[in-house]
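So that the names make sense, note that chain A is the first sequence line, chain B the second, and so on, each numbered from 1. Quick note: numbers below take in every heavy atom, side chains included, and nothing from hydrogens, waters or symmetry partners.
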2 protein chains.
Amino acid sequence: MKTQRPCSIAATLGVIGEKYSVLVLREIFFGVRRFDAIARNVGAPRDVLAARLRRLVEAGVLERVPYNERPQRFEYRPTQAGQDLRPVLLTLMAWGDRYLTQVPPVTFAHDCGARVEPVVVCGACRREVLPGSLTPHFTDPEWAA
Amino acid sequence: MKTQRPCSIAATLGVIGEKYSVLVLREIFFGVRRFDAIARNVGAPRDVLAARLRRLVEAGVLERVPYNERPQRFEYRPTQAGQDLRPVLLTLMAWGDRYLTQVPPVTFAHDCGARVEPVVVCGACRREVLPGSLTPHFTDPEWAA
DNA sequence: GCGAGTAGGTCCAGTTTTCAAACTCGCTGG
DNA sequence: CCAGCGAGTTTGAAAACTGGACCTACTCGC
């Protein structure tokens, strides 16, 4: 690949950026853990799904654990790193709900009773991160914007 | 494409899920607005970049506005819908910073003075959305997990 | 006026991915 | 014995991506 700006967004996309990877994670978060069920729900070709699962396991996002000996059968579970991708899926879902659908196909109820509308806040001050409120700082000045 | 679960995540990926689309948005958020500069920074082939920009404009995420007549020159600006994708990029970046890099290549200072560590909270109760705290509800029972 | 440079693309041929369907392997249940 | 399931692998054709060359329309320095 050509040279590109060093960036954690690009790095993350190197793990979950290929087609279907995020949808696989969605199924995992819904509790779907078996190859055939994931294939059905995401609509991916089986060879592509096999490749994505391998990649996600290799990257430490999923774990491949046997649930049956003879014949050997495996299921896929999220690791802690996998769990920590949940915010990414929630923000993707929130945007789609707002701009692409009339009726959200899936909603989440939060513990507090409300339907979850995820909001991204600054971990320090707990206020919402608004467009103008951020100043980037580049570690490598060669790539400063 | 095969049938797949109806889902706002998939819908959103239909807009920004192709290779380079998210990196284009990253550049836009850094304030980079011109074709050549975006091409350099994301490392995409120029024809692919042209296709991505067309798609993002068509989807209402970016606007193509002239900044020069004779010769006609255009720049790309985020719409409100585009701005609202910022949380997606922030959560992607946060995950990469945590799991894939030692030194974050880019950090953001928030208005409050702190380095931003984005946290996703429930819009209603303002508490962090934790793994076990969500219950999915499916509009179409055929696709319930 | 002439060549070089800039900006925003398009076009091309070669490589890589993706696709849908068919097939394999090891079992289980009737 | 035969059918079926689960988890993949194989196959051959279609689609997407790749890096680079090229095109158009200017502007600048000489």
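- Listed by residue number, the members of residues 28-60 of chain B with any heavy atom below 4.0 angstrom from DNA chain C are B:Arg34, B:Phe35, B:Asp36, B:Arg46, B:Asp47, B:Ala50, B:Arg54.
- The side chain of B:Lys19 places an N or O atom within less than 4.0 Å of a non-bridging phosphate oxygen (OP1 or OP2) of D:dT18.
- The stretch residues 106-127 of chain A participates, sequence neighbours left out, in no side-chain hydrogen bond (donor to acceptor under 3.5 Å, both in side chains) pair at all.
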With sugar-phosphate taken as primed atoms, P, OP1 and OP2 and all else as base, the protein-contact string of nucleotides 24-30 of chain C at under 4.0 Å (heavy atoms; B, S, -) is --BSS--

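- Applying the ring pair (Phe, Tyr, Trp, His ring centres under 6.0 Å) test to B:Phe108 and every residue at least two apart in sequence or in another chain returns nothing.
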Name each donor-acceptor pair under 3.5 Å that joins a side chain in residues 8-16 of chain A to protein atoms two or more places apart or in another chain, with its distance.
from: A:Ser8; atom 1: OG; to: B:Asp97; atom 2: OD1; distance (Å): 2.4
from: A:Thr12; atom 1: OG1; to: A:Ser8; atom 2: O; distance (Å): 2.9
from: A:Thr12; atom 1: OG1; to: B:Leu92; atom 2: O; distance (Å): 2.9
from: A:Thr12; atom 1: OG1; to: B:Gly96; atom 2: N; distance (Å): 3.1

Give every pair of a protein N or O atom and an N or O atom of nucleotides 1-3 of chain C that lie under 3.5 Å apart, one pair per line with the distance.
none

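- B:Tyr99 meets the ring pair (Phe, Tyr, Trp, His ring centres under 6.0 Å) test with B:Trp95; sequence neighbours excluded.
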Side chains of residues 30-45 of chain A: which donor-acceptor partners sit under 3.5 Å, not counting sequence neighbours?
from: A:Arg33; atom 1: NH1; to: A:Ile28; atom 2: O; distance (Å): 2.9
from: A:Arg34; atom 1: NE; to: A:Tyr67; atom 2: OH; distance (Å): 3.2
from: A:Asp36; atom 1: OD1; to: A:Arg46; atom 2: NH2; distance (Å): 3.1
from: A:Asn41; atom 1: ND2; to: A:Glu27; atom 2: OE1; distance (Å): 2.8

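- In the hydrophobic clustering (ILVMFWY side chains linked at under 4.5 Å, chained through shared members), A:Val119 is joined by A:Val121, B:Val119, B:Val121.
- Contacts between residues 2-11 of chain A and DNA chain C, counted as heavy-atom distances below 4.0 Å, involve no residue at all.
- Grouping Ile, Leu, Val, Met, Phe, Trp and Tyr by side-chain contacts under 4.5 Å, direct or through others, leaves A:Val103 on its own.
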What pairs of donor and acceptor atoms, side-chain ones from residues 131-145 of chain A against any protein atom, are under 3.5 angstrom apart with sequence neighbours left out?
from: A:Ser133; atom 1: OG; to: A:Leu130; atom 2: N; distance (Å): 3.1
from: A:Ser133; atom 1: OG; to: A:Leu130; atom 2: O; distance (Å): 2.6
from: A:Thr139; atom 1: OG1; to: B:Pro104; atom 2: O; distance (Å): 2.7
from: A:Thr139; atom 1: OG1; to: B:Pro105; atom 2: O; distance (Å): 3.2
from: A:Asp140; atom 1: OD1; to: A:Glu142; atom 2: N; distance (Å): 2.9

